[in-house]
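Throughout, protein chains are lettered first and strands after them, A, B, ... in sequence-line order, and every chain is numbered starting at 1. Note that the structure is predicted; figures quoted are calculated from it, not measured.
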Amino acid sequence: MKTPTAPPPATPPAERNFFQDVHEVVRLIPPGRVSTYGAIAHYLGARQGSRAVGYALNAANIDAVTLRREAPVPAHRVINRLGQLTGRHHFPTPTAMQERLEAEGVRVEDDTVVEFEKLFWDPAKELE
DNA sequence: AACGTGACCCTAG
DNA sequence: ACTAGGGCCACGT
């Protein structure tokens, strides 16, 4: 008995797919509203995982294009906490994000959502 | 397997 | 008030 016992609790407590969960929440964002990476991350229980949210959205966009999913993720409604369209460069065209937002009635000036705080859609408060 | 990168956010000095 | 640094999550090489 060299090793008396070594039961490694190799059991991931929560194996929920993070980026898929992100897609779910982002899809719930109604048109004309915007949310933030931090809010979504916080709602998912990982307020420090904001970066992963952006990564998930990037994957979502690629998925939507590659797999042509029926329910594409409206990534254009997700911005940073400052209301800036930080991810505009990752869209097909640099202005696609702004165009889509304006098409929904969201005014964008200088790559920043106007009255972003009023249009802010917090899943933790809307969905609760 | 380890390092580095990225559509971020928060805390400290 | 501003600047600097660290931290967490996931993925690619």
Side-chain angles (χ1 to χ4, degrees):
Chain A
M1 297 89 170
K2 316 133 193 197
T3 48
T5 174
T11 307
E15 198 186 308
R16 55 174 165 216
N17 298 332
F18 192 84
F19 74 91
Q20 185 167 352
D21 213 2
V22 171
H23 297 178
E24 285 277 326
V25 178
V26 174
R27 257 185 267 176
L28 294 176
I29 302 174
R33 301 276 185 191
V34 290
S35 191
T36 66
Y37 308 98
I40 295 169
H42 190 277
Y43 177 72
L44 296 178
R47 66 178 181 278
Q48 281 102 350
S50 316
R51 287 196 246 182
V53 175
Y55 206 92
L57 290 178
N58 183 17
N61 201 342
I62 295 172
D63 253 19
V65 176
T66 306
L67 304 177
R68 290 197 182 172
R69 306 204 78 183
E70 309 250 340
V73 179
H76 62 277
R77 295 177 194 151
V78 183
I79 57 185
N80 70 346
R81 70 177 290 282
L82 300 177
Q84 297 177 318
L85 283 59
T86 50
R88 79 183 168 174
H89 261 193
H90 284 260
F91 276 77
T93 61
T95 55
M97 192 173 186
Q98 179 172 343
E99 295 262 333
R100 284 192 160 192
L101 285 174
E102 292 194 335
E104 295 179 356
V106 179
R107 250 178 312 139
V108 180
E109 288 186 12
D110 198 22
D111 300 329
T112 306
V113 174
V114 180
E115 311 233 305
F116 142 75
E117 295 184 2
K118 293 183 181 177
L119 301 176
F120 178 55
W121 185 85
D122 189 352
K125 297 190 176 180
E126 300 290 338
L127 300 176
E128 211 167 6

Asks: What's the closest nucleotide to the side chain of A:Y55 if the choices are C:dC11, B:dA7, B:dC9?
Replies: C:dC11
Asks: Not counting sequence neighbours, which residues clear side chain to side chain contact (heavy atoms under 4.5 Å, CB included) with A:R100? List them please.
Replies: A:H76
Asks: Rounded to whole Å, how long is the line connecting atom NE2 of A:H23 with atom P of C:dA10?
Replies: 13 Å
Asks: Could you tell me how far apart A:N80 (CG) and B:dC8 (P) are, to the nearest whole angstrom?
Replies: 7 Å
Asks: Quick one: pull up OG1 in A:T36 and CG in A:L82 and give me the separation to the nearest 0.5 Å.
Replies: 10.0 Å
Asks: Please report, rounded to the nearest Å, how far the C1' atom of B:dT5 is from the CZ atom of A:R51.
Replies: 9 Å
Asks: With heavy atoms under 4.0 Å as the rule, sort A:A59 into base, sugar-phosphate or nothing.
Replies: nothing
Asks: If only side-chain N and O atoms of A:S50 are considered, is one of them under 4.0 Å from the OP1 or OP2 phosphate oxygen of B:dA7?
Replies: no
Asks: Of all the choices, B:dA7, C:dC9, B:dC9, which nucleotide is nearest to the side chain of A:F18 once you look at every atom?
Replies: C:dC9
Asks: Looking at every heavy atom in both A:L85 and A:V113, which two are closest together, and how far apart are they?
Replies: CD1-CG2, 3.6 Å
Asks: Tell me the interatomic distance from A:L44, atom CG, to B:dC8, atom C1', rounded to whole angstroms.
Replies: 14 Å
Asks: Checking A:R33 side chain against A:W121 main chain: does a donor-acceptor pair fall under 3.5 Å?
Replies: no
Asks: Whole angstrom is fine here: how far is it from CG in A:L57 over to P in B:dG6?
Replies: 17 Å
Asks: Is there a donor N/O on one and an acceptor N/O on the other, under 3.5 Å, for the side chain of A:R81 and the base of B:dC9?
Replies: no
Asks: Whole-Å distance between C:dC8 P and A:H42 NE2?
Replies: 16 Å
Asks: Which of the following nucleotides, C:dC11, B:dC9, C:dC9, is nearest to the side chain of A:T36?
Replies: B:dC9
Asks: Take atom P in B:dG4 and the same atom in C:dG6, then report the distance between them in whole Å.
Replies: 14 Å
Asks: Let me know the distance between CD1 of A:I62 and C1' of C:dC11, rounded to the nearest Å.
Replies: 11 Å
Asks: A:F120 has an atom CZ; how far is it from atom P of B:dC9, in whole Å?
Replies: 10 Å
Asks: What nucleotide, of B:dA7, C:dG7, C:dC9, holds the atom closest to the side chain of A:N58?
Replies: B:dA7
